[in-house]
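This report concerns only the one structure given below.
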Amino acid sequence: MDFTNNSAEVIKQLGKEGAFLTSKYNGKVNTMTIGWGSIGVIWRKPVFTVLVRQSRYTKEFMENSGNFTVSVPFSSDMKKALAICGTKSGRNIDKFKVCNLQLNPGRSVDSPVIAGCDMYYECKIIYKQDMKKELLTKEVDSNCYPDGDYHTVYYGEIVNCYEK
Ligand SMILES: Cc1cc2nc3c(=O)[nH]c(=O)nc-3n(C[C@H](O)[C@H](O)[C@H](O)COP(=O)(O)O)c2cc1C
């Protein structure tokens, strides 16, 4: 499917309750809610860019896996699961069990997707960058990083995308 399909709905959903960022490595899977990200074209490729703070358990997965998926529910009601996956860490609870989330295998990457969402992106990490305080404006630094918990930005080539 064309990666731009449903992009307006996806971007709006990211700005509301968010979407699921899921990654798998070493046989373990974790998911967390993301609200920041972008879909576009870089290096002549369709790219989904996501931002993961250093403190997230998901960071460990992103560093080791090489791929991730983004599952976006814009018509189905997954508000409760997004709220839990956006406040609890997979270090402490099994989010899939607690939120009753079912996984479907990725079609093109090892990381699975969350069943029941509307739009899915399967991404291969082709670049990453740790944010640097000195490259940020003071305004963004003080508003978004008061405790120095900076993001790593992951650039995922969209190798597959599809509706439910
Ligand atoms: C609506 C919403 C959007 C969020 N967006 C992000 C994000 O883009 N990047 C990020 O690092 N954390 C984001 N978070 C916070 C993580 O989802 C949260 O810290 C989560 O518990 C991390 O889980 P983990 O430790 O299992 O990785 C968001 C939380 C919510 C509720």
Side-chain angles (χ1 to χ4, degrees), residues 6-40 42 47-103 106 109-123 125 127-133 135-137 139-158:
N6 299 315
S7 51
E9 287 83 357
V10 168
I11 292 164
K12 275 185 218 147
Q13 176 61 29
L14 282 170
K16 291 194 292 180
E17 298 89 15
F20 298 100
L21 168 67
T22 308
S23 189
K24 175 178 177 180
Y25 89 98
N26 231 355
K28 295 184 292 184
V29 184
N30 194 49
T31 195
M32 75 169 211
T33 303
I34 53 163
W36 293 356
S38 58
I39 299 168
I42 315 180
V47 171
F48 205 128
T49 308
V50 295
L51 287 84
V52 178
R53 291 190 197 258
Q54 291 157 16
S55 60
R56 312 299 187 221
Y57 185 44
T58 300
K59 175 97 200 296
E60 193 180 314
F61 288 74
M62 298 295 277
E63 288 297 308
N64 290 292
S65 160
N67 60 80
F68 64 86
T69 66
V70 181
S71 305
V72 192
F74 50 76
S75 70
S76 51
D77 184 8
M78 299 191 87
K79 284 185 192 160
K80 206 170 162 205
L82 285 165
I84 294 171
C85 294
T87 49
K88 306 282 179 210
S89 180
R91 285 189 196 98
N92 309 318
I93 63 159
D94 179 343
K95 296 188 204 181
F96 304 105
K97 216 179 219 172
V98 171
C99 302
N100 198 21
L101 293 174
Q102 308 299 318
L103 293 171
V109 299
D110 203 28
S111 298
V113 298
I114 308 285
C117 294
D118 296 284
M119 189 69 194
Y120 296 105
Y121 301 87
E122 299 189 357
C123 304
I125 298 172
Y127 186 64
K128 65 177 178 180
Q129 190 158 40
D130 294 334
M131 289 183 61
K132 288 201 176 79
K133 181 184 173 69
L135 301 182
L136 270 177
T137 61
E139 187 246 329
V140 176
D141 192 26
S142 60
N143 282 345
C144 300
Y145 304 98
D147 49 4
D149 190 9
Y150 292 98
H151 287 102
T152 298
V153 187
Y154 294 92
Y155 296 73
E157 179 183 356
I158 302 170

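Read the numbers this way: they start at 1 and go in the same order the structure lists the ligands and their atoms. The figures here come from the full heavy-atom set of this structure, side chains too, leaving out hydrogens, waters and symmetry mates.
Residue pairs meeting the side-chain hydrogen bond (donor to acceptor under 3.5 Å, both in side chains) criterion with at least one member in residues 76-94: none, sequence neighbours excluded. The side-chain hydrogen bond (donor to acceptor under 3.5 Å, both in side chains) pairs that include a residue from residues 17-27 are Gln13-Glu17, Thr22-Thr31, Ser23-Ser65, Tyr25-Glu60, where partners are two or more places apart or lie in different chains.
Within the 3.5 Å criterion, the main-chain N or O of Phe74 finds a donor-acceptor partner in the side chain of Asp118.
In this structure the side chain of Met62 reaches within 4.5 angstrom of the side chain of Phe68, judged on heavy atoms.
Closer than 4.0 angstrom to ligand 1 by heavy atom are Glu17, Asn30, Met32, Thr33, Ile34, Gly35, Trp36, Leu51, Val52, Arg53, Arg56, Tyr57, Thr58, Cys85, Gly86, Thr87, Lys88, Ser89, Gly90, Lys95, His151, sorted by chain and number.
Phe96 meets the ring-ring contact (aromatic ring centres under 6.0 Å, His included) test with no other residue; sequence neighbours excluded.
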Please report the C-alpha distance between Val47 and Tyr127 in whole Å, then the side-chain angles of each, then the deciding distance to 0.1 Å, and finally whether the side chain to side chain contact (heavy atoms under 4.5 Å, CB included) criterion is met.
CA-CA 10 Å; Val47 171; Tyr127 186 64; over 6 Å; no
